[in-house]
Amino acid sequence: MSKVGAFVASVARVVDRWRWLARSHAAQGLQLALVCLSVFTGVAVAGHQVPDLGGAHVDARSKHQRVVRTQAGYIKGFVENGAEQFLGVPYAKPPVGELRWANPVALEPWPEVRDATAYASPCPQQKTLGNFSMPSVNEDCLYLNVYVPRRGRKHPVMVWLHGGGSVGHGNGYDGSVLAREQGVLVVTLNHRIGALGDLVHPAFDNGGATTLYELRDQQFALKWIKDNIAVFGGDPDNVTLFGESIGGASIQLHMVSPTAKGLFHKAIFQSGPSRYYHPLVPLAEAEARAKVFATAVGCTDQSAECLRNVPVSAILEAQGSYGGACCATFPVDDGHVLTSTVYEAIRSGQFNRVPFLDVTNRDEHRWFLALTEVSTSHSIAADEYPARLQAAFGADAAIVQAAYPLSQFDSPSGALAAAQGDRGYPCQVRNFDVDASKYVRVYAAEFNDPTSAEAVLPAVSFPYLSAHTHEIPYIFPGWKGAASDPLPPLNRQQQKLARQMRELWATFAETGELRDYPALTKSREAVISLEIPRLRVITDFSETHRCQLWNSIRNWTPVP
């Protein structure tokens with residue numbers, strides 16, 4: 001195509017933008033249209049110079065910019081690492097002032113081309129949980145990041161929910177490799193966490209209609225994606241939720257949430273601490289805990305006005321470790337977002353029926369025992385092991401000790417981690433998977449690279465092996481939490497495993513199937529072992545993790 005022909009084609013592509021701007025922003029429509037035309041064509045138009053959209057310095061980003069029009073207005077991104085990137089894109093009004101502890105609200109349109117070339121602030125959090133956290137007191141934090149393949153349209157969309165509980169953020173997960181390598185569009189996001197995300201107080205919960213802001217933010221972002229992702233090249237009818245740790249647990253809650261129906265079409269869990277056996281917390285119980293919190297921050301009158309004027313720093317100080325002093329553990333029965341336990345919803349088939357891939361790590365709980373050791377500066381001695389089991393398992397301690405003798409493990413911490421981990425992760429997750437498989441297609445996988453590096457915590461008295469969080473750098477290359485120094489690079493074998501894992505994730509996101517691997521059912525325990533030198537199917541997962549013991553303690557049998 002000639003230069004003239006290319007210019008004409010470029011003009012045609014922005015005519016619709018001119019018309020929209022003329023309708024929506026009459027006084028500024030022509031000027032902005034010319035800006036957009038200049039951006040798309042890289043030439044001066046009608047005496048107007050190509051605008052400087054990248055600041056005073058021309059760098060690699062400013063040479064490869066992209067402008068798209070969302071429903072609220074134009075945003076300007078850039079191309080880097082082989083993918084188009086739009087960072088710090090708002091999906092709701094800032095939850096400040098009267099919008100603190102309120103349901104998310106749609107954005108007001110903006111007339112200018114909005115910069116989307118830098119991450120926005122993480123939501124308020126303290127420096128806890130090692131390098132998972134990034135301290136902040138900025139409540140203006142409802143933003144997301146979009147990573148788009150350079151070629152093609154209607155890409156499968158993968159929406160990442162970060163881990164961390166009352167800390168964490170979506171900014172540290174660079175989706176450009178997934179986008180470039182696997183042809184999927186990746187979205188990561190920030191949402192309210194801790195007391196600001198989970199407090200359920202009668203001063204503003206409206207009997208349950210205004211609650212669970214963390215989950216509502218996530219669902220609001222999914223609605224934004226449904227309405228806007230097509231202009232980036234994504235397919236709004238092919239959205240996969242994937243998340244790690246509490247992000248995975250949130251996905252499980254979205255699967256049983258009536259208000260999440262139709263917002264996603266597949267799910268991938270990574271080390272998600274299952275809420276399968278968690279009871280439904282009554283609204284009144286959650287409100288009672290919130291009243292105690294309100295008194296602790298000086299709002300003895302329990303008024304919304306007082307609570308909405310408490311400094312963020314005071315809220316963070318009073319919410320306790322991981323929000324334990326302010327907020328009831330999910331699921332809370334608010335009568336809207338959550339109305340049943342996960343267990344009841346799955347076994348009855350009354351849930352959002354989407355296929356899913358459920359991934360656990362071989363040595364999940366070693367990470368949590370390491371966190372305790374780091375926090376207390378104390379490693380567990382052999383003679384402490386029986387007392388630790390008693391504290392954890394009560395009347396079942398003796399049979400647990402018989403199943404997890406110290407002689408079979410590298411340390412007392414390793415033994416305790418296996419017992420606590422098998423109960424909380426692999427076996428609870430497997431119960432969830434088997435019961436759900438009656439209604440939807442389920443694949444199961446286990447990350448098993450004992451040489452994987454630890455990004456968040458320092459070295460402890462025992463090896464981490466394939467611990468909680470260790471799979472993250474295999475999906476998001478370069479992930480290092482909030483650490484200032486990068487992790488050691490993956491070796492050649494680990495890089496191969498990482499590529500295989502990303503391909504597996506992307507294939508499932510595209511089709512909802514893994515044709516080279518069997519699905520898990522009640523009668524067929526097929527688990528994909530994500531290991532070096534190659535992926536393989538294992539059938540002894542339940543035996544390895546002693547699930548028969550935990551099933552008997554829970555009195556679990558598969559749904560008929």
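Keep in mind the model is a prediction, meaning the values are calculated, not measured.
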Heavy-atom side-chain proximity of V354 to F264 below 4.5 angstrom: yes

Side chain proximity check, T360 to F541, heavy atoms < 4.5 angstrom: yes

Ring centroid separation Y213 to H191 under 6.0 Å: no

Main-chain N/O of P355 paired to K266 side chain as donor or acceptor, under 3.5 Å: no

Min side-chain heavy-atom separation D435-D433 under 4.5 Å: no

N/O donor-acceptor pair under 3.5 Å between R192 side chain and D217 backbone: no

For V537 against A526, the heavy-atom pair lying closest together: CG1-CB, 4.0 Å

Cation-pi, Y74 ring and R114 (6.0 angstrom, 45 degrees): no

Nearest-0.5 Å distance that lies between atom CD in Q219 and atom NZ in K261: 13.5 Å

Short side-chain to backbone donor-acceptor contact, S166 and I193, under 3.5 Å: no

Intermediate values then yes/no, side chain to side chain contact (heavy atoms under 4.5 Å, CB included), I225 and Y91: CA-CA 9 Å; I225 289 165; Y91 65 87; over 6 Å; no

Side-chain donor/acceptor of D363 to backbone N/O of R366, under 3.5 Å: no

L338 CG to T259 OG1 distance, which is reported to the nearest 0.5 Å: 7.5 Å

Distance flag, aromatic centroids of W556 and Y277, threshold under 6.0 Å: no

Flag, side chain of H254 to backbone of A260, donor-acceptor distance under 3.5 Å: no

Nearest-0.5 Å distance, CG of residue N190 to NE2 of residue H169: 7.5 Å

Whether over 12 other heavy atoms sit under 6.0 Å from E513 CD: yes

Test of ring centre spacing under 6.0 Å for F78 and H64: no

Other residues, nucleotides, ligands: >12 heavy atoms within 6.0 Å of R515 CZ: no

Sole residue of H470, E364, E244 in side-chain hydrogen bond (donor to acceptor under 3.5 Å, both in side chains) with S271: E364

Atom pair CG/NE2 of L253 and H278 - distance to nearest 0.5 Å: 9.5 Å

Whether N238 side chain and P156 backbone form a donor-acceptor pair below 3.5 Å: no

Flag, side chain of N228 to backbone of Q71, donor-acceptor distance under 3.5 Å: yes

Ring geometry between W550 and Y404 (parallel below 30°, tilted from 30 to 60°, perpendicular above 60°): tilted

Side-chain heavy-atom pair T188, V159 within 4.5 angstrom cut-off: no

R492 atom CZ, neighbour heavy-atom count above 12 within 6.0 Å: no

Distance, nearest 0.5 Å, that separates CG of N81 from CZ of R180: 4.5 Å

Electrostatic pair E181:R502 at N-O distance under 4.0 angstrom: yes

Exceeds 12 heavy-atom contacts within 6.0 angstrom, atom CD of Q495: yes

Derivation of the side chain to side chain contact (heavy atoms under 4.5 Å, CB included) call for C427 and N431: CA-CA 6 Å; C427 299; N431 296 166; 5.5 Å; no

Within-4.5 Å side-chain heavy-atom neighbours: Q493 and T451: no

Between S121 and S136, a side-chain donor and acceptor under 3.5 Å: yes

Side-chain heavy atoms of T469 within contact of W367, under 4.5 Å: yes

Flag, side chain of R66 to backbone of V79, donor-acceptor distance under 3.5 Å: no

Distance in Å, F476 CZ paired with E471 CD, rounded so as to fall on 0.5 Å steps: 10.0 Å

Evaluation steps, side chain to side chain contact (heavy atoms under 4.5 Å, CB included), between R441 and R353: CA-CA 9 Å; R441 186 183 303 109; R353 296 188 183 183; over 6 Å; no

Pair S542-E525, side-chain donor/acceptor within less than 3.5 Å: yes

Check: F269 ring centroid to F356 ring centroid under 6.0 Å: yes

Output field: ring centroids F232/F86 closer than 6.0 Å: yes

D358 side chain to A444 backbone, donor-acceptor under 3.5 Å: no

Side-chain donor-acceptor pair present, E454, H468, cut-off under 3.5 Å: no

K438, NZ: over 12 other non-hydrogen atoms inside 6.0 angstrom: yes

Beyond-backbone contact of Y443 with V527, side-chain heavy atoms, under 4.5 angstrom: no

Side-chain donor or acceptor of Q85 paired with backbone N/O of V146 under 3.5 Å: no

Residues F447, Y474; criterion ring-ring contact (aromatic ring centres under 6.0 Å, His included); working and verdict: CA-CA 10 Å; F447 176 73; Y474 292 67; 5.0 Å; yes

Side-chain heavy-atom pair L161, I251 within 4.5 angstrom cut-off: yes

Trace of the side-chain hydrogen bond (donor to acceptor under 3.5 Å, both in side chains) decision for W505 with Q500: CA-CA 9 Å; W505 268 233; Q500 292 173 328; over 6 Å; no

